[in-house]
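Position 1 is the first residue of the sequence; numbering continues from there.
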Amino acid sequence: MDLWYTERHKLGFGLTCRVTRTVANEETPFQKLAMVDTCAFGRMLLLDDMVMTSVFDEFVYHEMITHPALCTHPEPKKVLVIGGGDGGTVREILRHPSVESVELCEIDRRVVEVCTEHLKETSCRLADPRVTLVYDDGIEYVKRFKGKYDCIMIDSPDPIGPATGLFAAEFYRSVFEAMTEDGVFTAQTESPFIDGDLIQRVTRDVAAVFPVCGFYTVSIPTYPTGMWSFTMGSKRYHPVRDARKSDALGDCRYYTHELHKAMFAAVPKFARSLLPESFV
Ligand code: SPD
């Protein structure tokens with residue numbers, strides 16, 4: 001059978017790829033969850049009919065949501081991930097020898113269970129003794145802590161339904177409070193091509209809370225428009241001046257120390273125009 005999957009993006013375009021096998025397809029208490037094998041992108045995790053990760057390009061997203069913050073902080077020990085039940089972000093965090101604990105707060109247990117069984121590429125380090133899995137709403141979970149984490153990564157789905165609150169000013173204030181006095185956080189912030197309004201609002205809200213802020217873009221072929229963004233908020237360290245070269249990251253496929261030093265200043269002009277002037 002000739003089976004094709006299409007993710008419909010806003011503005012009336014989409015990503016279409018040929019599916020060779022459906023590995024999982026279910027309705028969880030939170031969302032539609034599917035895992036499919038595709039010719040072009042290998043195995044893919046889909047939530048509510050949107051691509052969350054694919055074996056083909058997950059390295060870009062997971063290296064770039066983690067290492068810029070973890071290499072800005074001089075010695076990250078306690079790290080919290082909100083979302084990210086596929087485990088790719090945790091896998092990258094554990095490359096850092098200073099990291100003593102990683103909490104993964106994922107609202108949907110089935111994402112972790114299905115990925116643990118069927119997506120070893122990303123979930124391979126979830127059983128590491130430094131990792132604690134928490135099944136909870138990240139918005140509520142982060143409010144319980146004050147001054148605890150060195151770094152926080154917001155590995156959220158798109159801002160739809162329950163994830164909307166992960167892009168709200170109040171949530172960034174909670175993230176600020178939950179971190180140590182020199183904490184650094186990074187959030188995925190969608191595509192500058194089609195989510196400009198969101199990026200304008202989010203970067204303004206982050207700048208209202210954090211004294212040092214940065215923004216960078218990466219190429220992710222399976223995400224809408226292929227260009228994706230991340231926003232960083234830091235309580236003390238500067239993401240360029242304080243960028244630390246880590247020998248532990250030698251075999252990354254996208255992140256390099258040189259890219260880290262350059263990317264905050266190399267934001268394309270149309271995307272830069274969305275950001276507050278105070279951004280580095
Ligand atoms: N439109 C796709 C946005 C997905 C962002 N989160 C992906 C989770 C991968 N760990």
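A donor-acceptor pair under 3.5 Å links the side-chain atoms of His62 to the main chain of Glu58, judged by distance alone. A donor-acceptor contact shorter than 3.5 Å links the side chain of Glu63 to the backbone of Arg253. Side-chain atoms of Asp150 come within 3.5 Å of backbone atoms of Lys77 as a donor-acceptor pair (strictly under, hydrogens ignored). The backbone N or O of Gly42 lies less than 3.5 Å from no partner atom in the side chain of Asp37, so there is not a single donor-acceptor pair. Checked by atom type and distance alone, the side chain of His96 never pairs as donor or acceptor with a backbone atom of Val99 at under 3.5 Å. Formation of a donor-acceptor pair under 3.5 Å by the Thr6 side chain with backbone atoms of Thr16 is not found in this model. Of the possible polar contacts, none joining the Arg125 side chain to the Ile93 backbone as a donor-acceptor pair under 3.5 Å is found. In this structure a side-chain-to-backbone donor-acceptor pair under 3.5 Å is missing from Asp158 to Ile160. No donor-acceptor pair under 3.5 Å is formed between the side chain of Glu121 and the backbone N or O of Val55. Of the possible polar contacts, none joining the Tyr5 side chain to the Val36 backbone as a donor-acceptor pair under 3.5 Å is found.
Of the residues Lys261, Met263, His73, Met232, the one that meets the side-chain contact (heavy atoms from CB on, under 4.5 Å) test with Pro239 is Met232. Just one of Glu190, Gln188, Met153 meets the side-chain contact (heavy atoms from CB on, under 4.5 Å) condition when paired with Phe230; it is Gln188. When each of Thr53, Thr122, Asp155 is paired with Tyr61, the side chain to side chain donor-acceptor pair (under 3.5 Å) condition holds for Asp155 and for no other.
Met179 and Val202 fall within a single hydrophobic cluster, where Ile, Leu, Val, Met, Phe, Trp and Tyr are joined by side-chain heavy atoms under 4.5 Å apart, directly or via other members. Phe167 and Val142 end up in the same hydrophobic cluster when Ile, Leu, Val, Met, Phe, Trp and Tyr side chains are linked at under 4.5 Å.
Residues Arg173 and Glu170 are not paired through a salt bridge, judged by the lack of any N-O separation under 4.0 Å between the basic side chain and the carboxylate. Salt-bridge annotation for Asp251 and Arg95: present, with a side-chain N of the basic residue lying under 4.0 Å from a carboxylate O of the acidic one. A salt bridge links Arg236 with Glu181; the closest basic N to acidic carboxylate O contact falls under 4.0 Å.
Summarising the geometry, atom CZ belonging to Phe215 is positioned 8.0 Å from atom CZ belonging to Phe279; distances are rounded to the nearest 0.5 Å. Met227 CE to Thr217 OG1: the interatomic distance, rounded to the nearest 0.5 Å, is 4.0 Å. With rounding to the nearest 0.5 Å, the separation of OH in Tyr254 from CG in Leu259 is 6.5 Å. For the atom pair CH2 (Trp4) and SG (Cys39), the distance works out to 7.0 Å, reported to the nearest 0.5 Å. Going from atom CD of Glu117 over to atom CE of Met35 covers 9.5 Å, rounded to the nearest 0.5 Å. Interatomic distance, Arg204 CZ to Cys213 SG, rounded to the nearest 0.5 Å: 13.0 Å.
Ring orientation note: the planes of His9 and Phe13 are nearly perpendicular, at an angle over 60° on the 30°/60° scale. Classified by interplanar angle (parallel below 30°, tilted 30° to 60°, perpendicular above 60°), the ring pair Tyr172/Phe185 is tilted. Taking the six-membered ring for Trp and thresholds of 30 and 60 degrees, Phe210 and Phe176 have ring planes more than 60 degrees apart, a perpendicular arrangement. The aromatic rings of Phe56 and Phe41 sit tilted relative to each other, their planes meeting at an angle between 30° and 60°.
Closest of all the heavy-atom pairs between Val79 and Tyr149 is C-CD2, 4.0 Å. For the pair Cys151 and Leu70, the tightest heavy-atom approach, listed with the atom from each and the gap, is SG-CD2, 3.8 Å. Closest heavy-atom contact between Val60 and Ile220: CG1-CG1, 3.8 Å. When all heavy atoms are compared, the tightest approach of Ser54 to Thr222 is OG-CG2, 3.7 Å. Taking each heavy atom of Gly84 and Glu106 in turn, the nearest pair found is N-OE1, 3.7 Å.
Between Ile82 and Ser156, every side-chain heavy-atom pair lies at or beyond the 4.5 Å cut-off.
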Go through it in stages, so that I can follow the logic: the residues are Cys71 and His257, the test is side chain to side chain contact (heavy atoms under 4.5 Å, CB included), and I'd like the CA-CA distance, side-chain angles, deciding distance and then a yes or no.
CA-CA 9 Å; Cys71 291; His257 179 65; over 6 Å; no

Before you tell me yes or no, could you show the steps for Arg8 and Asp49 under side chain to side chain contact (heavy atoms under 4.5 Å, CB included), namely the whole-Å CA-CA distance, both residues' side-chain angles and the distance that decides it to 0.1 Å?
CA-CA 8 Å; Arg8 292 160 194 251; Asp49 299 319; over 6 Å; no

